[in-house]
Structure formats: structure tokens, C-alpha cells
Amino acid sequence: MAKEITPRSTDYAQWYQDIVKKANLAENSAVRGCMVIKPYGFAIWEKIHDQLDRMFKETGHVNAYFPLFIPKSFLSKEAQHVDGFAKECAVVTHHRLMNSPDGSGVIVDPTSKLEEELIIRPTSETIIWNTYRDWIKSYRDLPLLINQWANVVRWEMRTRLFLRTTEFLWQEGHTAHATKGEAVEETLRMLNVYAEFAENYMAMPVIKGVKTANERFAGAVDTYCIEALMQDGKALQAGTSHFLGQNFAKAFDVKFLTEDNNQEFVWATSWGVSTRLIGGLIMTHSDDEGLVLPPNLAPIQVVIIPIPKPSPEIDEVVHKIMKNLKAKGITVQYDQDMKNRPGFKFAEHEMKGIPVRLALGQRDLEKNEIEVARRDTKEKFTASLDGIEETVAQLLLDIQENLFQRAKSFRNQKTTKVDTFDDFKALVDSDIPGFISAHWDGTSETEIAIKEITKATIRCIPFDQEEEEGTCVYSGKPSNKRVLFAKSY
RNA sequence: CGGGGCGUAGCGCAGCCCGGUAGCGCACCUGCUUUGGGAGCAGGGGGUCCCAGGUUCAAAUCCUGGUGCCCCGACCA
């Protein structure tokens with residue numbers, strides 16, 4: 001099958017969809033806005049899941065599971081929270097179906113109406129804090145460090161595979177602390193976990209920072225985030241970590257007794273990343289030939305292709321190589337398909353983004369060599385069969401590093417300091433706008449005005465921004481710090 | 001929620017204007033020849049033409065009403 005991918009330069013959105021479909025990651029389902037994550041796409045999610053889960057446990061968290069349904073009344077207990085989510089909730093109103101009297105099929109049984117409607121969780125703060133009330137009585141119960149891997153539903157108007165689907169998979173951490181200081185520390189700790197994961201595993205450079213009031217999570221005191229830049233110059237919010245203050249503790253009356261026997265509200269955090277990360281992974285590294293995966297998240301790191309097809313002589317050498325690679329913890333697949341020719345296989349594995357390809361034929365065996373191809377640069381070279389596992393292991397490290405450096409240099413190159421609103425507008429309208437570093441007067445009015453004119457929003461106020469006197473790019477009022485603007489997904 | 005598009009074989013599409021009982025490419029099956037960058041030839045299997053109603057001797061095609069999905073915008077991870 002000739003699988004043509006729309007070039008990025010022709011239509012970036014179409015390119016993205018082509019990659020998702022042709023690399024067999026996911027497809028649209030019969031349900032509006034919901035995707036089927038196919039085995040290869042899910043394998044990537046499992047890699048993400050496994051590594052993050054390890055990192056959560058290393059930082060003292062445990063997993064638990066809370067219900068999919070939230071009583072409607074819970075959602076309305078925190079005023080800002082309900083405001084933020086009310087417009088995108090799926091609501092369960094009945095619990096039974098029946099055959100329709102006219103025999104035309106099944107209908108909702110009107111007598112099965114629920115006393116109180118159930119909301120399918122758009123996020124779990126409310127059900128979890130309602131539960132925590134019973135779990136937390138004393139300072140000895142704190143901190144409570146719980147994570148949940150779950151699906152959530154947000155009835156978005158417009159969806160895009162992985163980037164925004166009606167139902168998506170994610171993890172949500174929900175922690176409770178005795179002091180504000182501890183909770184803030186936790187919020188930042190998890191933000192750092194996300195940043196470390198994004199950079200070291202996804203090879204996706206991120207900017208850490210804090211959201212403005214407009215972009216803050218509904219119900220949070222502060223929202224911290226990691227922001228990445230995609231190849232088309234749009235930003236992707238890749239993870240968020242919220243300091244919730246005592247908002248949910250107050251809404252759900254979660255108090256604890258301090259050492260000196262005082263009743264106090266607990267301090268909270270929540271933090272999450274979702275299957276959206278896979279979208280970020282695609283749009284950070286992939287090219288017109290298909291998916292490009294960083295070795296640390298590739299379900300298959302190395303594929304071996306027999307030239308022209310499997311044979312006893314080739315198989316014997318391949319199995320030895322595989323054994324040695326596996327001993328080094330490298331995942332390797334031998335393409336023993338008899339039907340397709342090498343050229344087809346090359347294209348197929350490139351489409352799937354497998355980092356390293358080895359090709360072995362009679363001609364190589366005679367010279368004790370093997371052909372090695374790397375997906376990131378498309379370079380090919382021949383290597384000695386002796387010590388090939390070391391060659392491959394090193395190459396995987398090189399590819400991981402190269403992908404990160406390449407993405408980082410792109411990000412840096414596409415981050416522009418701008419000091420006039422004319423320059424700002426011109427940049428936003430350019431082909432690949434990127435991050436715009438500009439002074440802002442700190443008001444929501446300005447932020448909203450800029451958004452209305454340019455569609456760019458403040459992605460974050462970066463942590464590592466040095467103080468610098470200047471004037472707001474829009475209002476001309478004084479400012480002592482630049483913030484990052486971008487169009488975003 | 002506004003604007004646009006599309007529902008015909010597993011996938012991508014043509015046929016519809018001008019009604020006559022469904023076709024092309026890929027995929028799939030069989031055989032032979034091939035095989036170091038997406039193979040060639042020959043043969044073969046597979047379709048309630050989104051649903052319902054209407055017009056007609058006859059509907060994928062015309063009419064009416066549904067419905068689903070996708071894309072583009074405003075809202076969001």
C-alpha cells in the first residue's frame with residue numbers, strides 16, 4: 001500500500017492526521033470526538049505510563065481509584081471549579097433502557113430517572129476531596145499523596161486525535177498537606193517530574209512557568225505548567241501542576257487536628273498529564289516520512305530486516321544479535337515477513353518511527369558487516385557485526401540526545417523577543433510564529449485584548465526569566481519581566 | 001454553536017447532473033516470476049450503495065425528513 005503522507009509544508013494539520021492514522025496510532029471511532037487508541041499507539045502510552053508511574057512512586061506517591069461518576073451536587077461545591085467545567089460535562093440522567101412500545105428499538109425508560117444526576121468526571125477533585133474528608137483527621141494522616149490513572153470526559157466543541165478528544169486517558173495526582181509551604185513544594189516537585197520526563201524521555205524541551213489568572217485551572221490558587229513548542233510554531237501545554245490552596249478543603253470541609261490540637265483546613269495540590277503527550281511527541285519530532293520516536297519511548301527500538309528475506313544463515317546471525325541486544329535491555333523485532341520486499345519494510349518501519357534499523361543480507365555476512373540506519377537523520381552506515389550491540393546501544397543514546405538537541409535548538413530559534421505591538425502582530429501572523437517573549441503590564445484586560453487581536457495567549461510566566469525593566473508591548477505601561485506568548489493547541 | 005464537506009467492498013474514491021439493478025485503485029486469497037528503498041503478470045473472493053418515507057414499471061441516482069462522521073472557526077488538557 002502506498003501510504004502517502006501530506007507534507008508538513010502543504011498542510012500541517014493534515015500531516016498530523018496522516019501520521020496518526022498511517023503509523024497506526026489511533027483512529028476516529030463511531031462516537032463523536034472519541035478515538036480508538038490502536039495497539040501501537042497504546043504501546044507508546046504504556047511506555048509513558050510506566051515511566052511516569054515509576055517517577056511518581058519514587059517521589060512517594062501511591063495509586064488509587066475513584067469513581068467515574070460524580071454526583072452533580074459535588075461539582076457545584078467549589079464555585080470557580082463548576083464555572084470552569086459546567087459547559088463541558090456529560091450527564092447521566094437515567095439508568096435503564098426498555099423496548100420502545102412501537103417496536104422500533106430501545107428507548108430510555110422514563111421511570112428510571114435518577115434522583116440526582118451523575119456527571120462523568122471531567123477531573124476528580126470533587127469526588128476525591130469528598131472522600132478525603134473521611135480519610136484525614138489528624139496531622140498524622142498527612143501528607144496524603146495519591147495518584148490515579150483514569151479516563152475523563154470533557155465535552156469539547158472541537159476535537160483532534162490525541163490533542164483534544166472528548167474522552168481521554170490521563171493521570172491525576174491529588175495530594176493533601178498540613179502546611180501551605182509543603183503543598184507549594186509538592187506542586188513544584190511534580191512540575192519538575194513532568195519537565196524531567198518531557199525532556200529525558202520524550203526528548204521534548206519544555207519551559208516551566210506559572211499561568212496567568214486567565215489561564216489558571218478552575219479552583220486553583222496557582223497553576224504551574226510545562227509548555228512545549230511544536231514544529232508549526234504553536235505551543236502545547238504538556239502538563240500542569242496546581243496549587244489549590246485551601247479551596248477544596250473549605251468546599252468539602254476537610255480539616256485536621258494539628259499537633260497542638262487545633263482544627264485547620266488542609267492544603268492541596270493536583271497535577272496531571274494526558275494522552276495529549278502523544279500528540280506532542282508526534283509534533284515535536286516526526287517528519288514527512290512518518291513518525292519519529294525517541295528511543296526512550298519507542299515500543300520497538302530496533303528492527304532487523306533480512307535481505308531479501310529470512311534464511312537459515314541470516315536467521316542464525318540475527319538471533320545472536322537479538323539475544324545480545326535484549327541482554328542490554330534493548331527491545332528488538334525481527335521482521336520475518338516473507339511476503340513484502342525490503343523496500344516496503346524500510347518504508348513501513350520509518351512510518352512507525354522505529355529509531356534504528358538493521359539490514360542484513362548475504363553480501364553483509366560475507367564481509368562480517370551489517371547496515372545500520374537511524375530514523376532521526378535518515379543516515380545509513382555499515383558496521384562490523386562484531387560488537388554490533390555496543391554500536392546500537394550507543395546509537396540509541398545518540399538519537400535520544402540528538403532529538404532533544406534538535407527540538408531545543410528549534411525552540412530557541414523560534415523564541416523571539418518583541419518590543420512593539422506591530423512586531424508582535426507581524427510575528428504572530430508569520431508561518432511559524434513560535435514563542436514570543438514580550439513585556440506585559442500584568443493585567444487581564446491587556447491579556448484578553450491581545451488574545452482578541454492576535455489569538456496569541458500568555459502560555460506562561462517562565463521561572464527562569466530574569467528581571468528586566470521595560471514597557472508592556474500592548475499598553476505601554478511599565479513591566480519588570482517578559483512573559484511567553486504563543487498561539488496554542 | 002456558526003460555516004463547509006462527506007456517508008457506495010477492509011481503506012481511498014468514481015458513478016448521481018441525464019433513473020435501467022454497481023465500478024476503479026490499494027488491501028485480501030491462489031499460482032508463477034521476483035526480492036539491497038514502497039514488485040510484475042494471471043486468476044479469484046468480497047457491497048443491506050447511512051436510515052426512513054415518497055415518486056416510478058424500475059432508485060446508489062429524483063423528492064422529503066432524519067442521522068452519523070470529518071474539516072475550518074469561537075471554548076478547553
*asked:* Students often get this wrong, so: under 4.0 angstrom with heavy atoms, is A:T159 touching a base, only sugar-phosphate, or nothing?
replied: sugar-phosphate
*Nucleotide opposite B:A59 in a Watson-Crick or G-U pair, distances under 3.5 Å*: none
*Which part of the nucleic acid, if any, lies within contact of A:G33, taking any heavy atom under 4.0 Å across all strands shown: a base, the sugar-phosphate backbone alone, or nothing?*
sugar-phosphate
*Using a distance-only test with no angle check, is there a side-chain donor-acceptor pair under 3.5 angstrom linking A:K208 and A:N192?*
yes
*Please work out if A:A13 contacts a base, only the sugar-phosphate, or nothing of the nucleic acid, heavy-atom cut-off 4.0 Å.*
sugar-phosphate
*Check every strand shown and say whether A:F85 touches a base, only sugar-phosphate, or nothing at a heavy-atom separation below 4.0 Å.*
nothing
*Write down the distance separating the P atoms in B:G15 and B:C50, rounded off to the nearest Å.*
15 Å
*Under a 3.5 Å limit for both distances, which nucleotide forms a Watson-Crick or G-U wobble pair with B:C6, could you say?*
B:G68
*Whole angstrom is fine here: how far is it from CD in A:E156 over to P in B:A74?*
14 Å
*Charged N to carboxylate O under 4.0 angstrom, A:E215 versus A:R459?*
yes
*Under 3.5 Å, is there an N or O donor on one side and an acceptor on the other linking the side chain of A:K380 and the base of B:G37?*
yes
*Contact class for A:I305 vs. all strands (heavy atom < 4.0 Å): base, sugar-phosphate, or nothing?*
nothing
*Looking for any heavy atom pair under 4.0 Å, which part of the strands does A:Q14 touch: base, sugar-phosphate only, or nothing?*
nothing
*Using distance alone, with no hydrogens and no angle criterion, decide if A:N24 and A:K38 have a side-chain donor and acceptor under 3.5 Å apart.*
yes
*Going by distance alone, is a donor N or O of one side chain under 3.5 Å from an acceptor N or O of the other, for A:H61 and A:E186?*
yes
*Same-atom distance (C1') from B:C11 to B:U35, integer angstrom*: 26 Å
*Is there a donor N/O on one and an acceptor N/O on the other, under 3.5 Å, for the side chain of A:E350 and the base of B:G37?*
yes
*Between B:G38, B:G37, B:C76, which nucleotide has the shortest distance from any of its atoms to the side chain of A:E348?*
B:G38
*When you check the phosphate oxygens OP1 and OP2 of B:U34, does a side-chain N or O of A:K339 lie under 4.0 Å from one of them?*
no
*asked:* Say we look at B:A22 and B:C13: how far apart would their C1' atoms be, to the nearest angstrom?
replied: 14 Å
*Can you tell me how far P of B:C71 sits from OH of A:Y16, to the nearest Å?*
11 Å
*When the P atoms of B:G37 and B:U48 are considered, how many whole Å apart are they?*
42 Å
*Of the candidate nucleotides B:U34, B:G38, B:G36, which contains the atom at the shortest distance from the side chain of A:K309?*
B:U34
*According to a strict under-4.0 Å criterion, is A:R341 in side-chain N/O contact with OP1 or OP2 of B:G37?*
no
*Would A:D431 and A:Y12 count as having a side-chain donor-acceptor pair, cut-off 3.5 Å?*
no
_Expected output is a numbered-order residue list: members of residues 355-368 of chain A with a heavy atom under 4.0 Å from any atom of RNA chain B. What is it?_
A:R357, A:A359, A:G361, A:Q362, A:R363, A:D364
*Provide, to the nearest angstrom, the distance between the CD atom belonging to A:E27 and the C1' atom belonging to B:G10.*
11 Å
*Quote, to the nearest angstrom, the P distance that separates B:A74 from B:C62.*
36 Å
*Pair assignment for B:U30, Watson-Crick or G-U wobble, requiring both distances under 3.5 Å*: B:A42
*May I have the distance from A:D335 (atom CG) to B:U35 (atom C1'), rounded to whole angstrom?*
13 Å
*Do the side-chain N and O atoms of A:K211 and A:Q237 include a donor-acceptor pair separated by under 3.5 angstrom?*
yes
*Can you find a side chain N or O atom of A:K21 that sits less than 4.0 Å from OP1 or OP2 on B:C11?*
no
*Check whether any side-chain N or O of A:N28 sits under 4.0 Å from OP1 or OP2 of B:C69, and answer yes or no.*
no
*For atom P, what is the distance between B:A52 and B:U61, given to the nearest Å?*
12 Å
*Return the value, rounded to whole Å, for the distance between atom CZ of A:F346 and atom P of B:A39.*
11 Å
*Quick one: side chain to side chain donor-acceptor pair (under 3.5 Å) partners of A:T175, sequence neighbours excluded?*
A:H177, A:T269
*Nearest of B:G36, B:C1, B:C76 to any side-chain atom of A:I307?*
B:G36
*Nucleotide forming a Watson-Crick or wobble pair with B:C49, both distances under 3.5 Å*: none
*Watson-Crick/G-U partner (both atom distances under 3.5 Å) of B:C1*: B:G73
*For the pair made of CG in A:N340 and P in B:G37, what is the distance, rounded to whole Å?*
15 Å
*Return the value, rounded to whole Å, for the distance between atom CD of A:E371 and atom P of B:G36.*
12 Å
*Of all the choices, B:C76, B:G73, B:G37, which nucleotide is nearest to the side chain of A:A347 once you look at every atom?*
B:G37
*If we take the P atom in both B:C76 and B:C18, what is their distance in whole Å?*
48 Å
_Both distances below 3.5 Å, Watson-Crick or wobble geometry, any strand: find the nucleotide opposite B:G37._
none
*asked:* I'd like to check the side chain to side chain donor-acceptor pair (under 3.5 Å) partners of A:K87; sequence neighbours left out, ordered by chain and number.
replied: none
_Base paired to B:G12 (Watson-Crick or G-U; both N/O distances under 3.5 angstrom)_ = B:C24
*Please give, in whole Å, the distance from B:C76 C1' to A:R216 CZ?*
17 Å
*Taking atom types as modelled and ignoring hydrogens, do the side chains of A:Q148 and A:S124 form a donor-acceptor contact shorter than 3.5 angstrom?*
yes
_Closest-nucleotide ordering on RNA chain B, the 5'-leading residue of A:A373 and A:A238_ = A:A373
*Please measure how far the C1' atom in B:U67 lies from the corresponding atom in B:C51, and state the result in whole Å.*
7 Å
*Check the surroundings of atom NZ in A:K77: do more than 12 heavy atoms from other residues, nucleotides or ligands lie under 6.0 Å from it?*
yes
*In Å, rounded to the nearest 0.5 Å, how long is the span from CD1 of A:I70 to OG1 of A:T126?*
3.5 Å
*Heavy atoms under 4.0 Å, any strand shown: does A:Q237 hit a base, just sugar-phosphate, or nothing?*
sugar-phosphate
*Between A:Q17 and A:R154, who's closer to the 5' end of RNA chain B by nearest nucleotide?*
A:Q17
